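Just the heavy atoms: all of them, side chains too, but no hydrogens, waters or symmetry mates, feed the values below. All chains are named by letter (A, B, ...) in the order of the sequence lines, taking the proteins before the strands, and each is independently numbered beginning at 1. Quick caveat: nothing in here was measured; it's all calculated off a predicted structure.
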Amino acid sequence: MIKAIRGTRDILPPETGLWNFVESAVRDVFRAYNFQEIRTPIFESTELFARGVGEETDIVSKEMYTWEDRGRAESDKGQSLTLRPEATAGIVRAYIEHKLWDRGLNKLYLIGPMFRRERPQKGRYRQFYQIDAEVIGPPSSGSDSAARDAEVIEMLATLLDRLGITGWNLQLNSVGCPNDRDQFNAALRKALEPVVAKMCVDCQRRAVTNPLRVFDCKVPEDEPIIEKLPRISQFLDEPCRKHFEEVQEILKSVGVPFILNDRLVRGLDYYTRTAFEFTHGALGAQNAILGGGRYDGLSESLGGPPAPGIGFAIGEDRLVMSLQEAAESVMKKPDVYVAPLGAGMNRDAARLARELRRHDLIVDLGDENFRLKKSFEAATRAGAKYILIVGENEVKADAFALKNLATGAQVSVPRGELAQRIQETL
RNA sequence: GUGGGAAUAGCUCAACUGGCAGAGCACCGGACUGUGGCUCCGACGGUUGCGGGUUCGAUUCCCGUUUCCCACCCCA
């Protein structure tokens, strides 16, 4: 048997109902903040991600699906392509390619699959889905304003509330500008030097490869040491500190609760200043439901003009996982099940179903070979509110037996009144 | 990429120390010819993830492999 490959999966009904529920809530909420949809290719030049996400990140160095695409002719050179591992780089590429700065401030969102070759586990797949949004534009459009950071974060709080996700946590930090981070890194290395030998093996490795990651350590014995390490907050320059304070002021003003966490570091190289993460307890080790931050230098590093931006990515798989509601409750059920009864009745049933569907009713249709009992069972299983019997007697009278499956009430309704009759009691 | 656990019918799970592979639910049919849910009866359903090995005999023990789960790493 041919099976879905490692780390990929089929999402089947009724679970797809939950996905649709999430996505339509997302579109509703984002619309209220004047975000518009963008769709970018699923594969891009490898170079885009190498430069955008950062050569040194895990994503680029070991998790990308990359292949050499062949040239069109013998003499033509192929090029290295990569399935997108995240959305921001592609969106910024499109921003540069289509000179979107002409439009001033761009508020864009994208929903779609991303690809990373990681070891799968719960809430982590090799093809996974992200809901991504970006605010990006020339500095003159106010794209670097703390107001945008706060707006984006507040929008996310609204979305989670709207979806009925309770118990989320917002963690907030500023990772400063690149200059701040260089100084901080240097200070961190210096501070680690005398104490690193006493720390866990993971931390000893991190101290060399990526000192920031020491803050992620979960070993209790290392905690006293980590407590005394310098923090990024001590290295923010004046503009960065001001910016971060304003983000916090606005969030307080609109009533979005947050927890300052100066250990929060994000895994992609391009992040600057505001960094945030929403977590949810029900997700196990993969508790990050969404993460985001500011990337003021990304456009330039991709060869574009200055275009400060802030964005986030929601892990849609994880978001769906943390929903309380069962898929059942958000699924749309048929309004009516049309049950043809007896030879030749398929034709009349099809005509009736067509009429009812044109009235925006959800209509399921049986088969004339079914015995009535079977039609009733099928209608009940589909969750239909009504069953409409199309038999010889009904066709002759041009009035049809309409039965409410919940109450058992049954009436004979003339053809012309059917749609209205079904609609008015929904 | 590293470490641990698991894999048996569509689903949830049994099967004693190595001895005929089972149950519930679901599905299909009947009781019941144009009126569902309940009940009863029946049928269907399996290369025990895959490949080797040990054995008279392997779902069971051993080795390999694949996938999932948990943790690490990292991230959404």
| request: Classify the nucleic acid contact of A:G342 as base, sugar-phosphate or nothing, counting any heavy atom under 4.0 Å across all strands shown. | output: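 No contact.
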| task | For A:Y125, answer base if it contacts any base atom (sugar-phosphate contacts may also be present), sugar-phosphate if it contacts only those atoms, and nothing otherwise; contact means non-hydrogen atoms under 4.0 Å. | result |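 The residue A:Y125 makes base contact.
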With rounding to whole Å, what would you report as the distance between [N] and [M] at their [atom1] atoms?
N	M	atom1	result
B:C28	B:G19	P	37 Å
B:U8	B:G45	C1'	14 Å
B:C16	B:C62	P	16 Å
B:A23	B:A58	C1'	23 Å
B:U2	B:C44	C1'	46 Å

Residues [X] and [Y] bridged, charged N to O under 4.0 Å:
X	Y	answer
A:D144	A:R294	no
A:E355	A:R415	yes
A:E37	A:R27	yes
A:E227	A:R263	yes

| message | Show me the pairs that pass ring pair (Phe, Tyr, Trp, His ring centres under 6.0 Å) and involve residues 28-58 of chain A, at least two apart or across chains. | response |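 Residue pairs passing ring pair (Phe, Tyr, Trp, His ring centres under 6.0 Å), neighbours aside: A:F30-A:F35, A:F30-A:Y109, A:F43-A:W67.
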| query | Is the CD atom of A:E97 crowded by more than 12 outside heavy atoms at less than 6.0 Å? | reply |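 Count over threshold, so yes.
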| Got a donor-acceptor pair under 3.5 Å from the side chain of A:R124 to the base of B:A76? |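 By the distance-only test, no, there is no pair.
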All salt bridge (Lys or Arg N to Asp or Glu O under 4.0 Å) counterparts of [X], not counting sequence neighbours:
X	answer
A:E118	A:R124
A:R354	none
A:E23	none
A:E55	none

| B/S/- contact track for nucleotides 29-41 of chain B, protein heavy atom under 4.0 Å | SSSSSBBBB----
Pick out the pairs of N or O atoms, protein on one side and nucleotides 42-45 of chain B on the other, that lie under 3.5 Å.
none

How far apart are the closest heavy atoms of [X] and [Y], and which atoms are they?
X	Y	value
A:S80	A:T46	OG-OG1, 2.7 Å
A:S412	A:A399	OG-CB, 3.6 Å
A:Y271	A:G293	CE2-N, 3.3 Å
A:S299	A:V92	CA-CG1, 3.9 Å

Between [atom2] on [N] and [atom1] on [X], what's the gap in Å once rounded to a whole number?
X	N	atom1	atom2	result
A:L110	B:A76	CG	P	15 Å
A:Q121	B:G1	CD	P	14 Å
A:M114	B:A76	CE	P	11 Å
A:N287	B:C74	CG	C1'	13 Å
A:I5	B:C50	CD1	P	21 Å
A:D58	B:U2	CG	P	15 Å
A:M321	B:C69	CE	P	9 Å

| said: Whether A:R119 contacts B:G1 is assessed here as follows: a side-chain N or O lying under 4.0 Å from the phosphate OP1 or OP2. Is that the case? | reply: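 Result: no.
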| field | Short side-chain N/O contact to B:C69 OP1/OP2 from A:R9, under 4.0 Å | value |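 No.
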| Do you see a donor-acceptor pair shorter than 3.5 Å between the side chains of A:T66 and A:T82? |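 The criterion, which ignores hydrogens and geometry beyond distance, is satisfied for A:T82 and A:T66.
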| message | If you assign each of A:R318 and A:R117 to its closest nucleotide in RNA chain B, which residue comes earlier from the 5' end? | response |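 It is A:R117 whose nearest nucleotide is closer to the 5' end.
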| Considering heavy-atom distances to RNA chain B, does A:G315 or A:K3 have its closest nucleotide positioned more toward the 5' end? |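 With A:G315 and A:K3 compared, the 5'-side residue is A:K3.
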| query | Taking both distances under 3.5 Å as the test for a Watson-Crick or G-U pair, what stems of at least three pairs does RNA chain B have? | reply |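 Paired runs of 3+ in RNA chain B: B:1-7 with B:66-72, B:10-13 with B:22-25, B:28-31 with B:39-42, B:49-53 with B:61-65.
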| Name the one of A:K374, A:R381, A:K373 that satisfies salt bridge (charged side-chain N to carboxylate O under 4.0 Å, His left out) with A:E377? |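 Among A:K374, A:R381, A:K373, the one meeting salt bridge (charged side-chain N to carboxylate O under 4.0 Å, His left out) with A:E377 is A:K373.
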| Do any of residues 126-135 of chain A sit with a heavy atom less than 4.0 Å from RNA chain B, and if so which? |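 Contacts with RNA chain B under 4.0 Å: A:F128, A:Q130.
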| task | Return the nearest nucleotide to the side chain of A:P120; candidates are B:A76, B:C73, B:C68. | result |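 Selected nucleotide: B:C68.
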| request: For A:E151, enumerate each residue passing the side chain to side chain donor-acceptor pair (under 3.5 Å) test, keeping only those at least two apart in sequence or located in another chain. | output: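 Residues passing side chain to side chain donor-acceptor pair (under 3.5 Å) with A:E151: A:K107, A:R148.
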Please list, pair by pair, any protein nitrogen or oxygen found under 3.5 Å from a nitrogen or oxygen in nucleotides 5-10 of chain B.
none

| request: Applying ring-ring contact (aromatic ring centres under 6.0 Å, His included), name anything that partners A:F376, two or more places apart in sequence or on another chain. | output: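 Partners of A:F376 by the ring-ring contact (aromatic ring centres under 6.0 Å, His included) criterion come out as none, since no residue qualifies.
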